[in-house]
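Written below as structure tokens is the structure these notes are about.
Only this structure's heavy atoms are used, side chains among them; waters, hydrogens and symmetry mates stay out.
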Amino acid sequence: MADKTEKTEAPEKDALKVGDYIKAKKFGPLEHSFTGEITKVYNNSVLVEIRDYNPADKTAVGDMNNRAVVRKSTAKLTSAPKA
């Protein structure tokens, strides 16, 4: 009988990479969801340059220097905005 000790890993469901655009849920000082471009990838999160956000969050986004760290599990991959 064949030995079945070898594990098969499922491919990552979201292979996020630098340059991808994502949509993220509100958190911390942000009261609305936002979209942005990934600038750095970590093990379980990504650093996002916030590109599009609700005007009510302008102060919070400014305080965060237009950047946020988002968990990979909550990030939703989107397409880049049309220039």
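Separation of atoms NZ (K23) and CZ (F34) is listed at 10.0 Å; rounding is to 0.5 Å. Rounding to the nearest 0.5 angstrom, the gap separating the CD1 atom in I22 from the OG1 atom in T78 is 8.0 Å. From K26, atom NZ reaches atom CG of D57 across 9.5 Å, with rounding to the nearest 0.5 Å.
When all heavy atoms of A56 and H32 are compared, the closest pair comes out as CB-CE1, 3.8 Å.
Under the side chain to side chain contact (heavy atoms under 4.5 Å, CB included) criterion, D52 pairs with T35, not counting sequence neighbours. Residues that satisfy the side chain to side chain donor-acceptor pair (under 3.5 Å) test with K58, not counting sequence neighbours, are absent from this structure. When the side chain to side chain contact (heavy atoms under 4.5 Å, CB included) test is applied to E49, the partners found at least two apart in sequence or on another chain are T39, R51, N66, R67.
Sparse packing is recorded around CG of N44, with 12 or fewer heavy atoms of other residues, nucleotides or ligands lying under 6.0 Å away.
At distances below 3.5 Å, at least one donor-acceptor pair connects side-chain atoms of K72 with backbone N or O atoms of Y42. Checking side-chain atoms of D20 against main-chain N and O of L77 turns up no donor-acceptor pair under 3.5 Å.
Put simply, L16 and I50 are part of the same group of oily side chains (I, L, V, M, F, W, Y) that touch within less than 4.5 Å, one to the next. Hydrophobic clustering (side-chain heavy atoms under 4.5 Å, transitive across Ile, Leu, Val, Met, Phe, Trp, Tyr) keeps F27 apart from L47.
Between M64 and L30 there is a side-chain heavy-atom pair separated by less than 4.5 Å.
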